[in-house]
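Structure, as structure tokens:
Quantities reported herein were computed from a predicted structural model and do not represent experimental measurements. The chains referred to below are lettered A, B, ... by the order of the sequence lines, with proteins before strands, and numbering in each begins at 1.
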Amino acid sequence: MLNLRFIQENPELVVEKLKKKNFNAQQIVDEIIALYKKKNEIQAKGDQVKSEMNRISKEIGNLMREGKKSEADVAKDKTAELKESIKQLDEEFAKIDDQVFALQVQLPNIPAEIVPVGKTPEDNLIVARKDEIPVLPEDKLPHWELAKKYDIIDFELGVKLTGAGFPVYKGKGSILQRALINFFLTEAGKAGYLEVQPPLMVNEDSGFGTGQLPDKEGQMYHVTLDNLYLIPTAEVPVTNIYRDVILEVKDFPVKNCAYSACFRREAGSYGKDVRGLNRLHQFDKVEIVQVALPETSYERLDEMVAHVAGLVEKLELPYRILRLCGGDMSFTSALTYDFEVYSAAQEKWLEVSSVSNFESFQANRLKLRYRDEITKKPQIAHTLNGSALALPRIVAALLENNQTPEGIRIPKVLVPFCGFEMIN
RNA sequence: GGAGAGAUGGGUGAGUGGCUGAAACCAGCAGUUUGCUAAACUGCCGUACGGGUAACCGUACCGGGGGUUCGAAUCCCCCUCUCUCCGCCA
């Protein structure tokens, strides 16, 4: 959510910058400014009337204490009109306030200066690549076939228990999952992230704080009986730790990591792109989250990107890093880097991580602030997060790229976590 | 699920209709004293919106929403959450 004052003071800038996200903000911004002006007028008027009301009330109190009941009654007569006026102004104010808010939440975050112009994933900018594609035998298999061959992931069993997109990991498949989670958390810990285990369900306030609600309600599983949402990513509970918090400068940088299962409805996505592990309703992910000072948040973003790059390197996977173009970025992000690994049997790139700086967009909703050392006033902080990493597509690439006639080779770095070197 | 108690500023905790945006204490910040540390003393010390270059001023906020009243942290209603006991249970 963009700051109201900021919109009001920089309307042309907002409209201009949002064009990069292929978003025409002109009308919304115009309406916001008109309403904002009106809102201020009503507030000024209301505050004045309330001030008068408070003054009379105090006077009545004094008169009563002095026993001047008849004078107090005279004063009381004056209040009826003021009271009615306050009621009307309050109602009008609330109405406009709601209208402004409804418009405000429709505006996406402003993209950073270096975000490439573009509309589709083709316009994303490849900023780094390490893409020596492994040479696989003629009879190479996609991961869903390998999963069946070695009996490590059972998609049909998941359908029986729950439905499509809820696979059952078995034996070495299950151990591989556990090993990856442990590896990712260990690496994050080494990089200074404090590990947390968050709840897997969140309330509405949390959903709003990170931007899932109200716009993307259909993406989450909703437990209606208790009005809770299954988290689509640990970003939601972990970032919301800092909702309504005022940090001190000495608290920075704030770095948290968390493993969680993630739940996504993925309504409307079917077909060959969702085969096997490519797109699931439930999957595992280790997330890294940072709260940063505005002036250093882009340094923190670079640090996070470097951390994620280190992970895919250690897993010996071909990868590339994309700087997302305006049209492919999320609503809430100011700058996003996607990581893709190459899945050599499917012969396609799979997104395994998305690392973003949200600047003050989430923090505004979260009321996440820090106390400025000089002015001592609360200022909006910046939030960032990234996958480090999401498991299923990593597993898909590992299985496909490391298949050999003898079985599937486990990358060296994972062997101590797995306890075996081959899946066979 | 049943019964009861409660929700006040960073923390503890006072406050049953006006002099309370809120005592006191602790923590924190600035200063005085001090050879250093400690202690003592003095002052400051919530957030948001609006106005003002600023000092500051106005308004709102004592879990959330509504009501009574000239006036509500305080009285009434609804909701949420927390705690205690009982039941159930990993």
Side-chain angles (χ1 to χ4, degrees), chain A residues 1-9 32-104 197 199-209 213 222-229 237 240-252 254 261 291 360 363-381:
Chain A
M1 184 167 73
L2 298 177
N3 181 279
L4 259 191
R5 272 227 170 174
F6 179 78
I7 298 169
Q8 199 249 340
E9 285 166 9
I32 285 176
I33 287 174
L35 286 168
Y36 186 72
K37 189 164 169 250
K38 206 166 156 198
K39 188 177 132 180
N40 283 355
E41 284 167 12
I42 291 166
Q43 184 181 348
K45 207 165 161 193
D47 283 358
Q48 198 188 332
V49 180
K50 284 175 190 169
S51 179
E52 174 68 5
M53 187 72 159
N54 287 342
R55 194 187 61 73
I56 293 174
S57 290
K58 244 173 210 163
E59 197 178 291
I60 292 171
N62 290 332
L63 290 169
M64 295 294 272
R65 217 169 303 108
E66 291 163 23
K68 299 173 181 169
K69 194 170 179 310
S70 59
E71 287 180 45
D73 285 339
V74 171
K76 273 188 205 183
D77 290 340
K78 292 192 284 189
T79 61
E81 201 182 323
L82 292 174
K83 216 176 164 181
E84 182 56 31
S85 170
I86 288 170
K87 199 180 156 201
Q88 275 180 18
L89 288 166
D90 276 352
E91 278 171 12
E92 206 175 335
F93 182 87
K95 202 176 130 198
I96 293 178
D97 199 39
D98 287 349
Q99 287 173 348
V100 170
F101 183 75
L103 290 167
Q104 200 184 350
Q197 282 193 27
L200 301 181
M201 292 190 227
V202 292
N203 57 28
E204 276 183 328
D205 285 347
S206 294
F208 175 78
L213 296 176
H222 187 190
V223 182
T224 52
L225 197 57
D226 298 290
N227 198 25
L228 296 172
Y229 294 86
N240 272 281
I241 290 173
Y242 303 97
R243 172 154 48 85
D244 291 318
V245 166
I246 301 177
L247 295 160
E248 299 298 328
V249 169
K250 65 175 163 55
D251 298 328
F252 290 93
V254 175
V291 183
S360 58
N364 241 324
R365 291 177 164 226
L366 293 159
K367 295 191 173 64
L368 163 51
R369 291 158 293 175
Y370 69 96
R371 196 171 294 283
D372 187 282
E373 277 189 312
I374 295 157
T375 65
K376 306 287 178 201
K377 293 285 172 210
Q379 301 287 328
I380 299 292

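- Partners of A:Asn54 by side-chain hydrogen bond (donor to acceptor under 3.5 Å, both in side chains), not counting sequence neighbours: none found.
- A salt bridge is absent between A:Glu41 and A:Lys45; no separation between the charged side-chain nitrogens and carboxylate oxygens falls under 4.0 Å.
- A:Met53 comes within 4.0 angstrom of sugar-phosphate atoms only, judged by non-hydrogen atoms across all strands, and of no base.
- Proximity note for A:Asn40 (side chain, C-beta onward) versus B:rG50, B:rU69, B:rU59: the nearest is B:rG50.
- When distances run from any side-chain atom of A:Gln43 to the nucleotides B:rC49, B:rG71, B:rU47, the shortest one goes to B:rC49.
- When heavy atoms are screened at a 4.0 angstrom cut-off, A:Arg55 is found touching no nucleic acid atom at all.
- Here A:Ile60 lies in heavy-atom contact (under 4.0 Å) with a base.
- Below 30°, between 30° and 60°, or above 60°: for A:Phe101 and A:Phe208 the angle between ring planes is between 30° and 60°, a tilted geometry.
- A:Phe93 comes within 4.0 angstrom of nothing in the nucleic acid, heavy atoms only.
- Spacing between B:rG10 and B:rG46 at atom P, rounded to whole Å, works out to 9 Å.
- When each of B:rG51, B:rU47, B:rG18 is scored by its nearest atom to the side-chain atoms of A:Arg369, the top-ranked nucleotide is B:rU47.
- Closest contact between the side chain of A:Asp47 and the listed nucleotides B:rG50, B:rU59, B:rU47 involves B:rU59.
- Listed by chain and residue number, nothing satisfies the salt bridge (Lys or Arg N to Asp or Glu O under 4.0 Å) test with A:Glu9 (two or more places apart in sequence, or in another chain).
- At the heavy-atom level, A:Thr79 lies under 4.0 Å from the strands shown only through sugar-phosphate atoms.
- Proximity note for A:Lys50 (side chain, C-beta onward) versus B:rU47, B:rC70, B:rA60: the nearest is B:rA60.
- Note on A:Ser51: a side-chain N or O is less than 4.0 Å away from OP1 or OP2 of B:rU59.
- Distances were taken from every side-chain heavy atom of A:Asn54 (C-beta onward) to each of B:rC70, B:rU59, B:rU47; the shortest belongs to B:rU59.
- Between A:Ile32 and A:Gln8 there is no side-chain heavy-atom pair separated by less than 4.5 Å.
- Within 4.0 Å (heavy atoms only), A:Asp77 reaches no atom of the nucleic acid at all.
- You'll find that the side chain of A:Arg371 is closest to B:rG46, out of B:rG71, B:rG46, B:rG50.
- Base pairing annotation: B:rU34 forms no Watson-Crick or G-U wobble pair, as no partner gives both donor-acceptor distances under 3.5 Å.
- Rounding to whole angstrom units, CG of residue A:Asn62 and C1' of B:rG18 are separated by 8 Å.
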